[in-house]
Structures are given as structure tokens and as C-alpha cells.
Amino acid sequence: MEEQQLVMIQETEAELNERFNEISRLVTYNQNKVLKAFQRLNVSDVHFTPTTGYGYDDLGREKLEELYAEVFGAEDALVRPQIISGTHAISTTLFGLLRPGDELLSITGAPYDTLESVIGHKQQVDGSLTDFGITYREIPLNTQGEVQRDLIKDYMSEHTKVIAIQRSKGYANRPSFSVDDIKKMIEYVKSIKSDAIVFVDNCYGEFVEVDEPTNVGADIIAGSLIKNPGAGIVRTGGYIVGRQDLIKRCANRLSAPGLGKEAGATLNSLQEMFQGLFLAPHTVGEALKGSYFTATLLCKHGFATTPSYDAERTDLIQSVTFNTKEEMIQFAQKIQQQSPINAYVTPEPSYMPGYDHDVIMAAGTFIQGASLELTADGPIREPYTLYVQGGLTYEHVKLAITEALCSLSLTTSK
Ligand SMILES: *Cc1c(COP(=O)(O)O)cnc(C)c1O
């Protein structure tokens, strides 16, 4: 590493002391929450024992689900290697809860890209919610990226069964919603229709704050184990936590009606899922430090970053907007070069199932697509925003971002 880069790192970190202390307090709080839950539930190494076949009487699986429910302050949970991704966890939840004639209402604008085909409202998709006669409406965010509260009442009808809230901005150009924002949304929705089921897409949000949406009234939430709650060591899986009656319906959807939560072999996944949850508060803290470092350094060099370097976080997504498509692509390629895995590969924008535009993905990760590891990706569309997230160690993030920035200024200054 060159002298100039070391100076850049030092100068940036000098501005982050107070913030890093705050993150350390957050991590301590969440680590304690998770540790106490392990102890209260008497988690033991027998719970790592794999099951095969039907997976009946899987003690470890049952303990893990109890543990998730405890940590998230909910009644019950489904935590499975058979949930293949965040999208699958969310899809399972929506299909579990909604029936033909019911309506799904998103109050936080357009959902994450891959959910468009789950809903099937834009184009006909076989097996989508729309295909099953479930209707969908969404309330766009206002120009400041805020929920249009005054419209919620008008949009709700006797058919509105599930209200969807997305915590993280995903690939959208809007702020993410804090747990406190979500709390207010839930209170308002419940004041209009007390039996509306509030679902929160919690992807990327876990352990970034002291509370989770289930602590503030969400009925059910879902996320991916190759993001925050897997701490970078869980190789596949997803979770759904929430009210027991709702989890039961999701379980019937995931496995088969009648089998519900009772089946599903865990093979060799249990130990890493327990350990991942234990490590998650710390790893999320590393990524969080990385995202503040990224925002602070890039902002200093004239790039627009959201959230800004001094804003509070509720998720791990840090977006950086580049002046040109070429700059965006080059930065992503440099991040790839700074990865532990496949550093020699050059990512190019290309088609991805579920996305409308070509997407560039720098992901030199141990686990395919694991975005709690340092990754940089985004659809190639204006305003050329790259989403930079994750980092198993803060040190990796600072090295990679600094190198990427330096290589960019080398080429642009020519
Ligand atoms: C990542 C993400 C998803 C989908 O998760 P996958 O595991 O990629 O399918 C959904 N919503 C949000 C907000 C996300 O960040």
C-alpha cells in the first residue's frame, strides 16, 4: 500500500472515531441480546446433529427456530436451508398469507426488483400472486422518498389483507426506513385496520439497530441468511419470523399443507446457522464501519453517497453515484480485484433473472451472491448508482475502497 493511500485512510478514520464508538455500543447490545438468548434456551452441541430424509423430530432445527423467535422478539420462526434466498423467503410469506381475492398493499413504493415477478403486476408471470387472483396496489413514495401517510386510508379496502413495508432501499433511489419509521407506519396502519397483517421485508436490516421490526409491531418479517443474520458463514437459507398462526401458514406453503414445520432435513446446516447468528452482530458491525468509511472517503472526493457520511443507518447498503457509466463499471471492477476470491476476474454488466436492466456485480465472495461479504453491484441505468455493501472485516473494506478510489482518480485525471 502506498504512502498516499495510508494517509487517505488515516484522515478518513480520524473523522470516524465517534461513529465507531457508537457502532461498538450497538454491537455490544446486540451481541448481548443474542448471547442471552442462546443461554436462556440452553443451546447445546447436540443441536448441531444433522437430520436426513423427512427430517422429523429435528431437535436442532426446532431449537434454532425458537432461538430466532427469541432474538427477534416474535412468537415463532421458520429458519431453513430449503428457503433458497431472500426472495424465496418473501415469496413464501406472501403466498402463505394471501388467498385469491385478497389484496397486497405496499406502502413503501415499488418493491425490490426480484419481487416484481413474484407479484406479477407488471407483466404476466406464471404462478405469480396476480396469476392466483391476488390483487396488488402500491403507494408511491413522495419526492422526498417518504411514505404518503395521508393516502394509506384511501388505498385500503375490505380486501386489503397484507400491508408490505420494505426496510432497506434495495436498488431504489430512496432512503431506507429506520425501525422507528416502521413503528410509526405500523401504528398508523393498525389504527385504520387493526387486523391488517403487516409484513416487513427485513433484508439487510438485521442487527443494524437495537430493535427489529418485530419489536415494534410487525406481524411477520423475512430475510436471507446469506445476508446479515448468517454472518457470512451460512452457506444458504432464509428466515421468516413472526406471529405463530402466520408462521404456520408460511410453513404449509414452504413444505406442504399438513407437513408445515414438522419436516425438512437440515443435513449439515445447523452448526453454521447457530454460529452465524451468534457472529452476526459483530459482522454487521464490521460492515457498518465499512459503509461509513466508504461514504466518508468518497464524499470527500466529490461523489454523491447515500446515506451521507453522517447519517444514521438502518441497513448495510451504501450507494455511490458516479458521473458516468464507465466510472461505475470501473469502480465495481476494482472492488472485484480487491476481493479474496476470483480477484483475477473482470465483471461485466449482464442480464440477471428478475432484473429489468443489465446488472454489474462485483462479488469476489466465499459464498455465491453473499452480499454481507464486500460486494458492489447495481443495474446499469441512470443515475449510475453503485450499491456497495458488506465486508466480513472492516479492514478489508477500507483497503478495497481506498484502492478502488485511487485507481479511478488515476484514469480520470489523465
Ligand atoms: C437482497 C434483498 C432481497 C432479495 O434477497 P435475495 O436473497 O437476493 O433473493 C429483497 N429485498 C431486499 C430489500 C433486499 O435487499
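In this text, all values refer to a predicted model and were calculated from it rather than measured experimentally. Every number for a ligand or one of its atoms is a count from 1 in the order of the listing.
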| Under 3.5 Å: N/O of T87 near N/O of ligand 1 | yes
| query | Is it true that E272 and R235 have a side-chain N and a carboxylate O under 4.0 angstrom from each other? | reply | yes
| query | In terms of atom number and element, which parts of ligand 1 are under 4.0 angstrom from non-hydrogen atoms of Y204? | reply | 15 (O)
| query | Got a salt bridge between K398 and E13, using NZ or NE/NH1/NH2 to carboxylate O under 4.0 Å? | reply | yes
| field | Which of the ligand 1 atoms, numbered from 1, are nearer than 4.0 Å to a heavy atom of G86 | value | 5 (O), 6 (P), 7 (O), 9 (O)
| field | Sidechain N-carboxylate O distance under 4.0 Å for E75, R243 | value | no
| request: Using the ring-ring contact (aromatic ring centres under 6.0 Å, His included) rule, take Y292 and Y309 through it: C-alpha gap first, then chi angles, then the decisive distance, then the call. | output: CA-CA 6 Å; Y292 277 107; Y309 67 92; 9.1 Å; no
| message | Heavy atoms only, cut-off 4.0 Å: how does K169 contact ligand 1, side chain, backbone, both, or neither? | response | neither
| field | Which residues share a salt bridge (Lys or Arg N to Asp or Glu O under 4.0 Å) with E22, sequence neighbours left out | value | R19
| query | If hydrogens are left out, which of D201, V118, I317 has an atom nearest to atom 13 (C) of ligand 1, that is, the closest non-hydrogen atom? | reply | D201
| note | Under 4.0 Å from one or more heavy atoms of K227, ligand 1 contributes atoms 1 (C), 2 (C), 3 (C), 4 (C), 5 (O), 14 (C), 15 (O)
